[in-house]
Amino acid sequence: MTNRTFTMIKPDAFGNGHTGAILQKIEAAGFKFIALKLTKLSAEKAGEFYAVHAARPFYGELVEFMSSGPIVAAILEKDNAVEEFRKLIGATNPANADEGTIRKIFAESIGRNAVHGSDSDENAAIEGNFFFSGFERI
Ligand code: ATP
Ligand code: MG
C-alpha cells in the first residue's frame with residue numbers, strides 16, 4: 001500500500017455547487033491535499049482517462065458526461081489512501097452507498113455519481129500523473 005490516491009469532483013457535483021462541501025468532507029476525513037486544480041476535460045481526454053472502460057456499454061455516456069462541464073482534480077494523502085478514500089465515497093451506485101458517504105449524499109445516479117476515486121495504488125499514480133506535472137504538486 002502507498003499513502004496517495006487521486007480524485008475528481010465530477011461535473012454533476014461541480015455544477016450543483018457541492019465542490020466546497022465535498023472538499024470539506026475530504027479534509028475532515030483526514031486527507032491532505034498534495035495537488036488540486038479546477039479544469040475541464042475534452043471528450044478526447046475523458047476517453048483516454050476512462051480507456052479501461054472502452055468496451056463497456058456505458059462508455060459513450062461516461063465520456064460525454066465527464067466532458068460536459070468543469071471538474072476538480074486532486075491528489076490526496078493519507079495512510080492506506082486508496083482503500084480509505086473508496087470507503088469515504090461509497091459504492092459506485094449511490095442507491096447502494098452507505099449512509100454518510102459522499103456518493104450517498106451528493107450523487108444523482110450510477111452515471112452521475114459526484115466523485116471519482118482510484119481503485120489501486122498503481123492507477124492512483126497513473127491518474128495523478130495524467131493531471132499534474134511535478135511543479136503542480138507539493
Ligand atoms: P470511478 O472510477 O469513477 O471512481 P468506480 O470505480 O466506483 O467509479 P467504475 O466501475 O470504475 O466505478 O466505473 C467508472 C464510472 O463509470 C462510474 O463511476 C460511473 O460514473 C460510470 N458507470 C459505471 N457503471 C455504470 C453503469 N452501469 N451505467 C452508467 N454509468 C456507469
Ligand atoms: Mg473506477
Side-chain angles (χ1 to χ4, degrees):
M1 101 189 175
T2 64
N3 59 358
R4 288 193 180 179
T5 191
F6 170 81
T7 187
M8 277 186 281
I9 296 175
K10 297 186 179 184
D12 59 325
F14 180 87
N16 289 331
H18 297 315
T19 299
I22 291 173
L23 294 178
Q24 192 170 36
K25 279 201 158 288
I26 292 170
E27 276 195 314
F31 291 88
K32 301 259 182 267
F33 292 101
I34 299 299
L36 183 66
K37 78 163 81 164
L38 173 62
T39 186
K40 189 170 181 294
L41 290 168
S42 63
E44 190 188 353
K45 277 293 199 191
E48 202 184 317
F49 185 85
Y50 280 112
V52 64
H53 296 306
R56 310 280 285 275
F58 57 82
Y59 180 69
E61 185 189 321
L62 176 61
V63 168
E64 192 184 335
F65 165 60
M66 288 304 297
S67 57
S68 68
I71 60 101
V72 175
I75 299 173
L76 304 172
E77 191 168 270
K78 187 185 181 177
D79 285 351
N80 200 18
V82 166
E83 195 182 328
E84 287 295 306
F85 192 72
R86 288 188 69 98
K87 269 191 230 161
L88 178 67
I89 67 178
T92 307
N93 186 345
N96 303 327
D98 289 343
E99 288 301 327
T101 59
I102 290 175
R103 281 172 169 162
K104 183 70 174 188
I105 298 167
F106 299 110
E108 297 175 0
S109 64
I110 189 168
R112 300 169 64 86
N113 63 358
V115 282
H116 165 81
S118 303
D119 60 11
S120 66
D121 291 343
E122 188 192 0
N123 284 335
I126 292 169
E127 292 168 2
N129 291 336
F130 184 91
F131 278 91
F132 297 103
S133 64
F135 74 89
E136 289 179 302
R137 58 183 90 188
I138 57 173

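Computed from a prediction, not measured in an experiment: that's the story for all the values here.
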Return yes if some donor-acceptor pair links the side-chain N/O of Y59 with the main-chain N/O of G47 below 3.5 Å, else return no.
yes
Tell me whether K78 forms a cation-pi arrangement with F85, defined as NZ or CZ under 6.0 Å from the six-membered ring centre and within 45 degrees of its axis.
no
Working to the nearest 0.5 angstrom, can you tell me the gap between S68 OG and K10 NZ?
11.0 Å
With side-chain contact (heavy atoms from CB on, under 4.5 Å) as the test, would you mind laying out the steps for N123 and V52 before giving the verdict?
CA-CA 11 Å; N123 284 335; V52 64; over 6 Å; no
Could you tell me the separation between the CG atom of N96 and the NZ atom of K104, rounded to the nearest 0.5 Å?
8.0 Å
Side chain to side chain, E108 and P94, heavy atoms closer than 4.5 Å
no
Please tell me whether F33 and I22 are part of a single hydrophobic cluster in this structure, the criterion being side-chain heavy atoms less than 4.5 Å apart.
yes
Nearest heavy-atom approach of H116 to S118 is NE2-N, 3.6 Å
What I'd like to find out is whether the side chain of T101 reaches to under 4.5 Å of the side chain of I89, using heavy atoms alone.
no
Test your reading of the model: is there a side-chain donor-acceptor pair from T5 to the backbone of L76, 3.5 Å cut-off?
no
Is it the case that the side chain of N113 and the backbone of A107 share a donor-acceptor pair, with hydrogens and angles ignored and the cut-off at 3.5 Å?
no
Criterion side-chain contact (heavy atoms from CB on, under 4.5 Å) against I9, the qualifying member of I71, V72, I102:
V72
Please answer: with hydrophobic residues joined when any side-chain heavy atoms are less than 4.5 Å apart, are L62 and V115 in the same cluster?
no
Check V63 against A46 and note the closest heavy-atom contact, atom names and distance.
O-CB, 4.0 Å
Using a 3.5 Å distance criterion without hydrogens, assess whether the side chain of E61 forms a donor-acceptor pair with backbone atoms of F58.
no
Under 3.5 Å: donor-acceptor pair, side chain of N16, backbone of H18
no
Contacts of A21 meeting side-chain contact (heavy atoms from CB on, under 4.5 Å) (sequence neighbours excluded), chain-then-number -> F106
Within the distance-only criterion (no hydrogens, no angle test), does the side chain of K40 pair as donor or acceptor with the backbone N or O of S67 below 3.5 angstrom?
yes
Measure the shortest side-chain to side-chain distance between D119 and V82 over non-hydrogen atoms and say whether it is less than 4.5 angstrom.
no
Given R4, which partner from the list E84, E127, E77 fulfils the salt bridge (charged side-chain N to carboxylate O under 4.0 Å, His left out) test?
E77
Under the 3.5 angstrom rule, does the side chain of K37 hit a backbone N or O of F131 as a donor-acceptor pair?
yes
With side chains defined as the heavy atoms from C-beta onward, is the minimum distance between M8 and L41 less than 4.5 Å?
yes
Min side-chain heavy-atom separation L88-F31 under 4.5 Å:
yes
If you count the non-hydrogen atoms of other residues, nucleotides and ligands that lie under 6.0 Å from CD in E122, is the total more than 12?
no
Do D12 side-chain atoms and A114 backbone N/O form a donor-acceptor pair below 3.5 Å?
yes
Residue pair R137 / N129, side-chain donor-acceptor N/O under 3.5 Å:
yes
Heavy-atom neighbours of D98 CG exceed 12 at 6.0 Å:
no
What heavy-atom pair brings I105 and G100 nearest, and what distance separates the two atoms?
CD1-O, 3.6 Å
Quick one: sort the F49 and F130 rings into parallel, tilted or perpendicular, breaks at 30° and 60°.
perpendicular
Joint hydrophobic cluster, I138 plus L36, side-chain heavy atoms closer than 4.5 Å
no
